[in-house]
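Structure, as structure tokens:
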Amino acid sequence: MTTATIEPAGAAAPYHEPEHTHRDVSGGWLRPAVFGAMDGLVSNFALMTGVAGGDVSARTVAVTGLAGLAAGAFSMAAGEYTSVASQRELVEAELAVERIELDRNPEAELRELAALYVSRGVEPKLAHEVARQLSVDPEQALEIHAREELGVDPHDLPSPLVAAASSFVCFALGALLPVLPYLLGASVLWPAVALAMVGLFGCGAAVARVTARSWWYSGLRQLVLGAAAGGVTFALGSLIGSAVG
């Protein structure tokens with residue numbers, strides 16, 4: 001036998017926290033992965049169509065594509081490693097300065113943090129108390145100052161090795177698409193063009209996951225841009241090939 005519960009008359013309805021979510025505006029892992037692959041696809045596709053426009057053999061186009069894949073992937077990895085390593089070293093140097101200041105001039109740093117909260121609308125007395133409580137733990141104080149003054153999380157700095165490896169892999173995967181038909185026995189350019197067009201549309205559609213655009217719009221936009229790059233380089237290759245010939 002079940003018993004029913006009777007709510008008292010006039011009882012307030014249970015409170016529910018409103019749901020409020022956002023898309024990941026940083027793009028997470030998807031954005032750098034897709035853009036790395038897109039960079040490899042567009043650059044290698046344009047390189048291969050430019051060489052093919054010069055009326056060379058299929059073997060020459062294939063070798064050019066493989067060389068472009070290797071050169072581009074290593075260049076991207078080296079550039080990304082240097083960029084991220086330099087950025088990390090700069091942040092670490094600034095964190096060291098902040099750590100020294102917190103150790104030597106804790107009161108000045110406390111007032112600086114309180115002033116920051118006051119500038120954001122907190123009452124001065126409350127701002128000073130909040131800053132005081134947050135500054136009790138030196139490591140927490142360093143983290144807060146890093147976030148507020150440098151805009152970084154000292155516990156979540158990017159890894160140069162991870163950045164370089166992911167750039168290498170993503171670029172190589174994108175650059176492989178236009179080369180793949182030649183590796184499978186194609187002797188003309190059109191299969192590579194078709195596969196590259198599919199890849200361009202797919203990359204553009206994937207980008208739509210981190211934007212407000214529809215997947216077909218993003219896909220078509222990238223398809224048009226990539227096709228334009230390939231068409232221009234093919235025309236230039238034809239002109240240069242005719243001039244050299």
Side-chain angles (χ1 to χ4, degrees), residues 23-81 83-84 162-238 240-241:
R23 287 188 297 268
D24 181 5
V25 295
S26 68
W29 61 268
L30 179 64
R31 184 180 182 278
V34 171
F35 278 95
M38 193 181 298
D39 188 17
L41 173 55
V42 173
S43 62
N44 212 33
F45 172 62
L47 174 65
M48 291 174 63
T49 54
V51 172
D55 195 22
V56 298
S57 66
R59 182 176 181 277
T60 300
V61 178
V63 171
T64 299
L66 290 174
L69 184 158
F74 280 113
S75 176
M76 284 287 293
E80 195 70 11
Y81 181 90
S83 174
V84 174
V162 171
S166 60
S167 294
F168 182 94
V169 171
C170 292
F171 185 97
L173 288 176
L176 179 63
L177 276 182
V179 187
L180 198 56
Y182 285 96
L183 299 181
L184 296 178
S187 57
V188 291
L189 181 64
W190 297 115
V193 172
L195 189 56
M197 295 298 101
V198 172
L200 287 166
F201 184 87
C203 286
V207 171
R209 291 194 57 182
V210 293
T211 66
R213 291 289 188 179
S214 61
W215 62 270
W216 60 266
Y217 176 87
S218 295
L220 286 176
R221 178 175 60 183
Q222 190 56 44
L223 176 61
V224 170
L225 292 174
V232 169
T233 55
F234 183 86
L236 289 174
S238 298
I240 294 172

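Only a predicted model underlies this, so the values are computations on that prediction, with no experimental measurement involved. FYI, the numbering just counts along the sequence from 1.
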side-chain contact (heavy atoms from CB on, under 4.5 Å) evaluation trace for L183 with L66:
CA-CA 10 Å; L183 299 181; L66 290 174; 4.1 Å; yes

Evaluation steps, side-chain contact (heavy atoms from CB on, under 4.5 Å), between V42 and Q222:
CA-CA 9 Å; V42 173; Q222 190 56 44; 3.7 Å; yes

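When all heavy atoms are compared, the tightest approach of S218 to R213 is OG-CB, 3.5 Å. Scanning both residues, A163 and V84, for their nearest heavy atoms gives CB-CG2, 3.7 Å. Across all non-hydrogen atoms, the minimal contact from G204 to M38 is N-CE, 4.0 Å. Heavy-atom minimum distance, A46 versus A229: CB-O, 4.2 Å. Considering every non-hydrogen atom in both A58 and A186, the closest pair reads CB-O, 4.4 Å. In terms of heavy atoms, A206 sits closest to V34 at CB-CG2, 3.9 Å.
To the nearest 0.5 angstrom, F171 atom CZ is 11.5 Å from L176 atom CG. The distance from the CG atom of L69 to the CG atom of L177 is 10.0 Å, given to the nearest 0.5 Å. Expressed to the nearest 0.5 Å, how far CH2 of W215 lies from CZ of F201 amounts to 4.5 Å. With values rounded to the nearest 0.5 angstrom, E80 atom CD is found 6.5 Å from S166 atom OG. For the atom pair CG of L189 and OH of Y182, the computed distance is 4.5 Å after rounding to the nearest 0.5 Å. Distance check, rounded to the nearest 0.5 Å: CH2 of W216 to CG of L223 gives 13.0 Å.
Under the side chain to side chain contact (heavy atoms under 4.5 Å, CB included) rule, V51 has a single partner from V63, T233, T60, which is T60. For the side chain to side chain contact (heavy atoms under 4.5 Å, CB included) test with T64, the passing option among L47, N44, V56 is L47; the others fail.
Under a 3.5 Å cut-off, the side chain of S238 and the backbone N or O of G53 do form a donor-acceptor pair.
Side-chain contact between L41 and P178 is present, with at least one heavy-atom pair separated by less than 4.5 Å.
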